Amino acid sequence: MLNLNSVMIGTKQAIALAAFYEKILGRPADMVDADNGFWGWQVESAFLSVLDHSEMRGNAKDPGRVMFNFETPQVKEEFERIKALGGTVVKEPYQMGEGWIATLADPDGNYFQLVSPM
């Protein structure tokens, strides 16, 4: 059996992405190695990290190919908060079954979603 351990976002604008996710998560990174361009947050059982990656260029070319989800019972409220912090709106909150989903993008254009708990 596998357990998802972490999601790493490679970028050439690590400082901007780290600042963005710091605002989104409401706290500074739990692990920082600025000399090597690394910032990471423990988010429940997974780790989210931003890494200055030498092979990355420009914005995400297929931003919806891989998405990660932030679970929250307040999808609409968190959507408005993150939009005000500079998140780019991809899809406004909508209902799917009993839950809600909204899609935003970070400064590199990577998509992430806000989802109701299942």
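Since we're looking at a predicted model, the values are computed, not measured.
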Side chains of Thr72 and Glu78: do they bring a donor and an acceptor to under 3.5 Å?
no

In terms of hydrophobic clustering (I, L, V, M, F, W, Y; side-chain heavy atoms under 4.5 Å; direct or indirect links), are Ile9 and Leu25 co-clustered?
->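 Yes, Ile9 connects to Leu25 through the hydrophobic network.
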
_Side-chain heavy atoms nearer than 4.5 Å, only ILVMFWY residues, links allowed to pass through others: does that put Ile82 and Val90 together?_
no

Find out whether [X] and [Y] are in side-chain contact, i.e. whether some heavy atom of one side chain is under 4.5 Å from a heavy atom of the other.
X: Thr11; Y: His53; answer: no
X: Phe79; Y: Val89; answer: yes
X: Leu114; Y: Leu104; answer: yes
X: Leu17; Y: Pro107; answer: yes
X: Trp41; Y: Val50; answer: yes
X: Phe47; Y: Val43; answer: no

Let me confirm one number: the [atom1]-[atom2] distance from [X] to [Y], rounded to the nearest 0.5 Å.
X: Gln42; Y: Arg27; atom1: CD; atom2: CZ; value: 8.0 Å
X: Thr88; Y: Asp106; atom1: OG1; atom2: CG; value: 8.0 Å
X: Trp100; Y: Glu77; atom1: CH2; atom2: CD; value: 10.0 Å
X: Lys12; Y: Leu51; atom1: NZ; atom2: CG; value: 9.5 Å
X: Lys76; Y: Glu92; atom1: NZ; atom2: CD; value: 11.5 Å
X: Glu71; Y: Glu44; atom1: CD; atom2: CD; value: 8.5 Å

Would Val75 and Ile101 count as a side chain to side chain contact (heavy atoms under 4.5 Å, CB included) here? Give the steps. CA-CA 7 Å; Val75 169; Ile101 299 174; 5.9 Å; no

May I ask you to decide if the ring planes of Phe68 and Phe112 are parallel, tilted or perpendicular, using 30° and 60° as cut-offs? parallel

For the [atom1] atom on [X], are there more than 12 heavy atoms of other groups (residues, nucleotides or ligands in this structure) within a distance under 6.0 Å?
X: Glu98; atom1: CD; result: no
X: Ile15; atom1: CD1; result: no
X: Arg65; atom1: CZ; result: no

[X] versus [Y], closest heavy-atom pair with distance:
X: Pro63; Y: Gly109; value: CB-O, 2.8 Å
X: Tyr111; Y: Gly64; value: CD2-CA, 3.5 Å
X: Ala105; Y: Phe20; value: O-CZ, 4.2 Å
X: Ala14; Y: Gly37; value: CB-O, 4.2 Å

| message | Using only atom types and a distance under 3.5 Å, with no angle test, would you say the side chain of Arg81 pairs donor to acceptor with the backbone of Ile24? | response |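 Yes; at least one donor-acceptor contact below 3.5 Å.
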
(request) Show the numbers, then the answer: is there a side chain to side chain contact (heavy atoms under 4.5 Å, CB included) between Ser49 and Phe38? (result) CA-CA 7 Å; Ser49 60; Phe38 178 86; 3.5 Å; yes

Would you verify whether the NZ or CZ of Lys91 falls within 45 degrees of the ring axis of Tyr94 while also being under 6.0 Å from that six-membered ring's centre?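 Judged by the rule (NZ or CZ under 6.0 Å from the ring centre, within 45° of its axis), Lys91 counts as positioned above Tyr94.
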
Let me see the working for Leu48 and Tyr21 under side chain to side chain contact (heavy atoms under 4.5 Å, CB included), right down to the final yes or no.
CA-CA 9 Å; Leu48 174 66; Tyr21 284 106; 4.0 Å; yes

Let me see the working for Gln13 and Asp108 under side chain to side chain contact (heavy atoms under 4.5 Å, CB included), right down to the final yes or no.
CA-CA 8 Å; Gln13 53 175 348; Asp108 259 5; 2.5 Å; yes

